[in-house]
Asks: 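I have a structure I would like to understand better, so I am pasting it below and will then ask my questions one at a time.
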Amino acid sequence: KVRVRVDAGGLSLNGERFTDDDLQHLMMRIADADAGNGATSVTVSLTGRSGASVKARMSAATAKRGAPIMDAADYLWRFVRAVAGPRWSAELVARLADGEEVTVGGVVLAPGGIRDAKRRVAALLPWSSVADPRIDGVHVAIPGFDVDGVVVRLDEPDSFVLFEAIPELRARFAD
């Protein structure tokens with residue numbers, strides 16, 4: 001049984017406590033998602049800076065009172081995005097300002113733009129050509145204004161931070 005508790009200081013997943021500042025990584029794997037956003041199961045992994053880690057599998061059988069499993073996963077994803085997203089986004093801006101390239105959510109973020117992390121020879125999409133990310137089924141689509149964009153799976157580790165980081169990075173690094 002999956003137990004999630006949220007309060008002012010953070011969240012607990014199956015008894016493992018993560019404070020707002022400790023949340024480090026979130027990954028969700030969605031199994032058998034259909035066109036109506038249904039799923040037979042969602043596996044959630046949370047990791048903290050302290051090294052604490054917990055993995056929980058939510059399925060239709062464990063959903064409380066028959067609530068759709070995607071509702072619970074969506075709530076947890078949005079909560080972690082709201083709590084950790086702004087902090088992680090600020091960290092990414094600082095790292096890129098120092099000239100680093102960072103891989104997050106299946107995307108390489110660089111001072112000059114973004115590219116798909118899984119393509120070995122993918123072209124860098126400049127920040128001035130990057131639009132805001134959007135959810136497209138089980139993918140995060142990062143469209144380009146005048147060129148093809150980048151599409152990564154929603155279950156890539158920490159993909160949720162892209163929604164906060166990309167607008168900030170574009171504002172900071174676009175020509």
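In this text the structure is predicted, and so the values were computed from the model without any measurement.
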Asks: Mind listing the closest non-hydrogen atom pair of L124 and G112 along with its distance?
Replies: CD2-C, 3.7 Å
Asks: Please report the C-alpha distance between V140 and F160 in whole Å, then the side-chain angles of each, then the deciding distance to 0.1 Å, and finally whether the side chain to side chain contact (heavy atoms under 4.5 Å, CB included) criterion is met.
Replies: CA-CA 9 Å; V140 176; F160 71 92; over 6 Å; no
Asks: Flag the pair R87 and E91 as a salt bridge only when some basic side-chain nitrogen lies within less than 4.0 angstrom of an acidic carboxylate oxygen.
Replies: yes
Asks: If you apply the rule side chain to side chain contact (heavy atoms under 4.5 Å, CB included), what do you find for V107 with D116, and how did you get there?
Replies: CA-CA 5 Å; V107 176; D116 187 328; over 6 Å; no
Asks: Hey, mind stepping through V102 and V108 against side chain to side chain contact (heavy atoms under 4.5 Å, CB included) and telling me if it holds?
Replies: CA-CA 6 Å; V102 181; V108 175; over 6 Å; no
Asks: Find the distance between CG (L162) and CG (L169) and round it off to the nearest 0.5 Å.
Replies: 9.5 Å
Asks: Which pair of non-hydrogen atoms, one from I166 and one from A131, has the smallest distance, and what is that distance?
Replies: CG2-O, 3.9 Å
Asks: Filter on salt bridge (charged side-chain N to carboxylate O under 4.0 Å, His left out), then keep only pairs touching residues 132-145, sequence neighbours left out; what's left?
Replies: D132-R170
Asks: With salt bridge (charged side-chain N to carboxylate O under 4.0 Å, His left out) as the rule and sequence neighbours excluded, what pairs involving residues 93-105 come up?
Replies: R95-E100
Asks: With the threshold set at 4.0 Å, does a side-chain nitrogen-carboxylate oxygen contact exist between E156 and K118?
Replies: yes
Asks: Can you hop from V151 to L125 via hydrophobic side chains spaced under 4.5 Å?
Replies: no
Asks: Going by heavy atoms in the side chains, are F173 and L109 under 4.5 Å from each other?
Replies: no
